[in-house]
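Scroll down for the structure; my scribbles are underneath it.
Since the structure is predicted, the reported quantities are computational estimates derived from the model, not experimental observations.
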Amino acid sequence: PLNNSHAKLLPLKTEDDATSKHAQAASLSLPKSLHHSLSLEMLISGDVNAFSQFCKLTDQYPKLRDDDAALKVLQRDLIQAERAQRHRNMSAAYAAHKQLAEYFDSRGDAALTKHFWTLCLSST
């Protein structure tokens, strides 16, 4: 007798299977940008506000997309700020935004420095 608890459901085949498999193979062979990878990590980890800010900032400041170091710092600190805010730890959220303000200030980016100092004010 077949034990139903071990039965596997097989996917239904459709006319688009060949097209779908081709698209999957093509997408696997394309190199992903660091921006893309970091964005996916934020979504997968549930940090949707950090993801939203990350995408908004990289759209507003396209030069960020080509700066791997800045992307990594941005992702890390936006995630820290979101998680702190989620736990109502506003001093930790302030600290994460302050780190970003200081980071971009050290790089001479006045617009991003101002943006993160403004977020610091909203965290207090």
Side-chain angles (χ1 to χ4, degrees):
L2 181 63
N3 183 344
N4 284 340
S5 65
H6 298 302
K8 292 183 180 179
L9 295 176
L10 298 176
L12 295 175
K13 294 197 176 208
T14 66
E15 294 175 16
D16 294 327
D17 279 348
T19 306
S20 175
K21 286 179 184 177
H22 178 69
Q24 287 174 349
S27 71
L28 292 176
S29 64
L30 293 174
K32 302 288 189 238
S33 69
L34 181 62
H35 177 270
H36 179 87
S37 298
L38 296 175
S39 298
L40 284 178
E41 285 177 15
M42 286 185 273
L43 283 176
I44 291 168
S45 65
D47 298 302
V48 294
N49 291 329
F51 166 80
S52 176
Q53 289 178 28
F54 185 82
C55 290
K56 193 178 298 182
L57 288 168
T58 56
D59 284 346
Q60 193 172 0
Y61 303 98
K63 65 184 176 184
L64 283 174
R65 288 178 177 258
D66 298 324
D67 188 337
D68 290 356
L71 288 174
K72 290 175 184 177
V73 169
L74 188 61
Q75 182 211 36
R76 180 196 67 207
D77 292 345
L78 288 175
I79 287 172
Q80 287 177 354
E82 177 177 348
R83 291 178 181 176
Q85 288 170 332
R86 214 181 291 152
H87 290 84
R88 292 184 172 77
N89 185 346
M90 299 317 281
S91 62
Y94 172 87
H97 289 134
K98 181 180 178 216
Q99 281 179 210
L100 284 165
E102 291 172 345
Y103 175 78
F104 287 109
D105 186 41
S106 74
R107 297 169 51 102
D109 192 323
L112 284 167
T113 300
K114 180 180 176 184
H115 173 80
F116 287 109
W117 280 122
T118 302
L119 286 178
C120 283
L121 290 174
S122 68
S123 303
T124 58

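- The shortest distance between side-chain heavy atoms of Leu34 and Lys72 falls below 4.5 Å.
- Each of Leu57 and Leu40 belongs to its own hydrophobic cluster when Ile, Leu, Val, Met, Phe, Trp and Tyr are linked at side-chain heavy-atom distances under 4.5 angstrom.
- Remark: Asp77 CG to Gln80 CD distance equals 5.0 Å, nearest 0.5 Å.
- Side-chain N or O atoms of Ser52 include none that pairs as donor or acceptor with a backbone N or O of Val48 at under 3.5 Å.
- Membership of the apolar cluster around Tyr94 extends to Trp117, as traced through chained side-chain contacts below 4.5 Å between ILVMFWY residues.
- Taking every heavy atom of both residues into account, Ala84 and Ala92 meet most closely at CB-CB, 3.6 Å.
- A donor-acceptor pair under 3.5 Å is formed between the side chain of Ser122 and the backbone N or O of Leu119.
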Checklist entry - Can Arg76 and Gln99 be said to form a side-chain contact (heavy atoms from CB on, under 4.5 Å), step by step? => result CA-CA 10 Å; Arg76 180 196 67 207; Gln99 281 179 210; 3.6 Å; yes
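- Looking at Gln75 and Leu71, their side chains never come closer than 4.5 Å, going by heavy atoms from C-beta outward.
- When every heavy atom of Lys32 is checked against every heavy atom of His36, the shortest pair comes out as CD-CD2, 3.4 Å.
- Thr113 and Asp105 get closest at one heavy-atom pair: OG1-N, 2.9 Å.
- With rounding to the nearest 0.5 Å, the separation of CD in Gln53 from CE in Met42 is 9.5 Å.
- A 4.5 Å side-chain heavy-atom check between Leu78 and Phe116 finds at least one atom pair inside the cut-off.
- Pairing each heavy atom of His35 with each of Thr58, the nearest pair is NE2-OG1, 2.8 Å.
- Between Gln85 and His97, some side-chain heavy-atom pair lies under the 4.5 Å cut-off.
- The nearest pair of heavy atoms linking Ser39 to Phe54 is OG-CE2, 3.4 Å.
- Side chains of Glu82 and Arg86 form a contact here, defined as non-hydrogen atoms less than 4.5 Å apart.
- Using a 4.5 Å heavy-atom cutoff, the side chains of Leu38 and Leu74 are not in contact.
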Item to check | Evaluation steps, side-chain contact (heavy atoms from CB on, under 4.5 Å), between Lys63 and Asp109 | outcome: CA-CA 11 Å; Lys63 65 184 176 184; Asp109 192 323; 3.2 Å; yes
